[in-house]
Amino acid sequence: MKREIIVASLKARPVRTIVSVLAVTLEVMLILVVVGLTTGIRDETGRRMEGVGADIMFQPPNSSMFLALNNANMPVAIGDKIAEIEGVRAVSPVQTLVNSQGGSLEILYGIDPETFDAVTGGFLWHRGKMFSAPEEVVVDDWYARAKTVDVGDEVELLARKFKVSGIVEHGKGARLFVSIKTAQEMTGSINRTSLFFVRLEDSANTAAMIKRLDETFPTYPARDMRELASLMTSSSIPMLDAFINTVVFVAVCIGVLVIFLSMYTTITERTREIGILRSLGASKAFIVGMIFQESVFVCVIGAAIGVVGSFMVARLVQAMFPTLVVLITGGWVARAVVFAVASGILGSIYPSIKAAAQDPVEALAYE
Amino acid sequence: MKPILETVDLRKTYKVGKIEVEALRGVSIKIGAGELAAIMGPSGCGKSTLMHLLGAMAQATSGKALIEGQDIASMNDSERTEVRRRKIGFVFQKFNLLPALTAGANIAVARTIHSGHKVYGDDPHLTELLELLMIQDKMDRKPSELSGGEQQRVAIARAVVNRPAIVLADEPTGSLDSRNSEIVLNMFRELNRKFKQTIILVTHNPELAAYTDRLIEMRDGVVKSDNGDHISWDISGEMATAGL
């Protein structure tokens with residue numbers, strides 16, 4: 001019966017109901033899309049790093065595993081010393097650059113094609129060929145689709161014009177590849193490099209090799225590439241956890257305030273109805289339960305629409321920006337629904353207590 | 001058996017700002033089971049206050065109000081809620097139906113609150129009531145789709161469906177035209193006669209008293225006259241009167 005009263009009340013005030021549901025929908029979408037974007041980009045970056053095919057990433061002192069955050073470099077000659085170590089099959093220097101032109105943030109790899117192929121097993125070509133001139137660039141298929149470029153087209157990177165020489169399958173660390181000499185020249189670091197990808201004769205020896213590299217080059221971090229993706233958690237990215245927590249907090253605040261306002265308004269409008277129920281013998285717990293159930297009902301509907309809406313937004317984002325990945329996980333869906341319901345409960349605590357505390361005589365006299 | 005309702009020196013004082021207003025100044029009445037009584041008096045005489053106290057809607061300042069021997073005057077809110085749920089049925093001047101629900105759902109709400117759970121299936125008593133009140137075909141309509149008289153009859157059905165000890169009706173014809181007033185009053189009399197339902201009508205309308213067996217007149221917070229004075233209450237509390 002309580003359900004009938006709740007449904008009838010929601011139907012009787014359609015605008016309030018729709019606004020409340022939309023607010024909760026917005027809350028859930030805000031959480032899922034923002035978290036999905038950060039998780040998706042992080043996850044996709046990790047998978048791309050794994051896809052390089054190297055066993056070890058060797059970097060200069062004080063480097064982050066997030067290449068976009070690095071500006072340190074080291075002499076290319078270090079690579080020769082690493083290559084001399086027994087068990088190392090190939091070493092490839094990579095000079096990284098960050099391109100923020102064209103409304104996106106991309107890592108460019110300055111590579112030596114011969115050693116890069118030796119480490120990674122080579123690119124899978126869609127069309128075109130490897131760059132053969134300083135002003136040529138190889139792009140991956142996602143970048144080509146996102147920017148609608150093809151072989152022979154011109155792209156502007158770091159205020160320099162490049163001609164696309166080839167398009168390769170995505171998943172080899174970066175989306176853009178130029179000659180290492182060009183990259184060194186652009187960063188003013190001739191004969192220096194940001195990192196080395198190291199391929200071993202036997203991948204099973206990775207841990208032993210990392211130990212050996214740590215002993216030989218104590219301040220230079222050497223990381224296992226297979227563990228890199230799992231190490232790329234939100235807690236390892238500076239301030240990302242704080243950012244996600246802030247987004248969730250703001251979203252929950254929106255939910256709490258809207259539900260509070262909605263329920264506060266409705267109990268004022270329904271003062272007389274509450275008086276009628278009290279005159280029929282409805283207890284305070286009955287009234288509190290009814291208000292709680294009503295707000296939870298609104299939140300569950302809002303959350304359901306929010307979850308569906310988030311997946312739709314994710315698809316839309318990927319259709320519009322192919323290089324962006326929105327990863328909505330089951331764990332975050334569950335969390336977003338819990339946050340939505342919790343905000344409904346929090347937002348209706350005061351209105352429900354106020355409703356239950358109404359004097360039945362005064363409530364019945366309310367016009 | 002004791003009277004179904006009895007008040008002993010019942011008093012109620014309101015505080016309006018710093019001023020204390022004595023709405024009831026010692027009311028002592030007895031109502032027997034199955035009586036149809038009217039409490040009458042001008043506005044401000046305390047009859048609505050008395051109805052709120054008898055209906056366990058408010059707490060008395062002093063005195064006693066006994067329903068089936070249970071003193072409700074000093075009860076706390078949750079105890080009074082329980083009394084309303086189990087023993088009282090209200091009929092209001094403005095009908096007070098829940099506007100978003102159908103007539104049937106309004107009656108079902110009262111049944112659910114009374115029983116503590118959703119009530120399924122037909123109730124022969126309810127069917128009989130609806131036939132008596134001539135609203136059996138109005139159950140799917142919302143209050144806004146019913147006339148004033150029909151709304152009040154739904155409100156009466158809601159008040160009596162759980163067989164309360166007492167039905168309190170506050171100006172039940174106050175919002176009705178004369179034809180519907182007559183219908184409603186006749187229905188109160190029918191309910192009283194057919195189901196032995198104790199009904200107390202609270203009104204300022206002298207014409208309404210003609211439909212009741214007993215008239216209690218109030219003025220300035222006290223009972224001015226009671227034509228039930230001649231009723232003698234036997235040792236076990238049952239009414240024994242020549243006229244009734």
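Just so it is clear: chains get the letters A, B, ... in the order the sequence lines come, proteins before strands, and each one is counted from 1.
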Original post:
For A:L280, is it the side chain, the backbone, both, or neither that has a heavy atom closer than 4.5 Å to a heavy atom of chain B?
Top reply: both

Original post:
Quick one: what part of A:R270 sits under 4.5 Å from any heavy atom of chain B, side chain, backbone, both or neither?
Top reply: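 Nothing of A:R270, per the 4.5 Å heavy-atom cut-off to chain B.
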
Could you work out, with salt bridge (Lys or Arg N to Asp or Glu O under 4.0 Å) as the rule, every residue matching [X], not counting sequence neighbours?
{"X": "B:D220", "result": "none"}
{"X": "A:R13", "result": "A:E269, A:E273"}
{"X": "A:E44", "result": "A:R48, A:R175"}

Pick one of side chain, backbone, both or neither for [X], based on which atoms fall under 4.5 Å of a heavy atom in chain A.
{"X": "B:I88", "result": "neither"}
{"X": "B:P164", "result": "neither"}
{"X": "B:R158", "result": "side chain"}

Is there a donor-acceptor pair closer than 3.5 Å between any side-chain N or O of [X] and the backbone N or O of [Y]?
{"X": "B:Q152", "Y": "B:F92", "value": "yes"}
{"X": "A:R272", "Y": "A:L364", "value": "yes"}
{"X": "A:T148", "Y": "A:R145", "value": "no"}

Subject >> residues 76-84 of chain B: residues contacting chain A (heavy atom under 4.5 Å, by number) >> reply: B:D77, B:T81, B:R84

Original post:
Does one side chain, of A:E27 or A:S343, offer a donor that lies under 3.5 Å from an acceptor on the other?
Top reply: yes

Original post:
What residue in A:A12, A:A8, A:S279 has the most heavy-atom pairs under 4.5 Å with chain B?
Top reply: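 Heavy-atom pair counts peak at A:S279.
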
Original post:
Under a 4.5 Å heavy-atom cutoff, which of A:S9, A:A285, A:A282, A:G275 has the most pairs with chain B?
Top reply: A:A282

Original post:
Does the side-chain hydrogen bond (donor to acceptor under 3.5 Å, both in side chains) test come out yes or no for A:R16 and A:S262, once each step is laid out?
Top reply: CA-CA 7 Å; A:R16 178 188 71 88; A:S262 166; 2.8 Å; yes

Original post:
Atom NE2 of B:H204 and atom NZ of B:K47: how far apart are they, to the nearest 0.5 Å?
Top reply: 7.0 Å

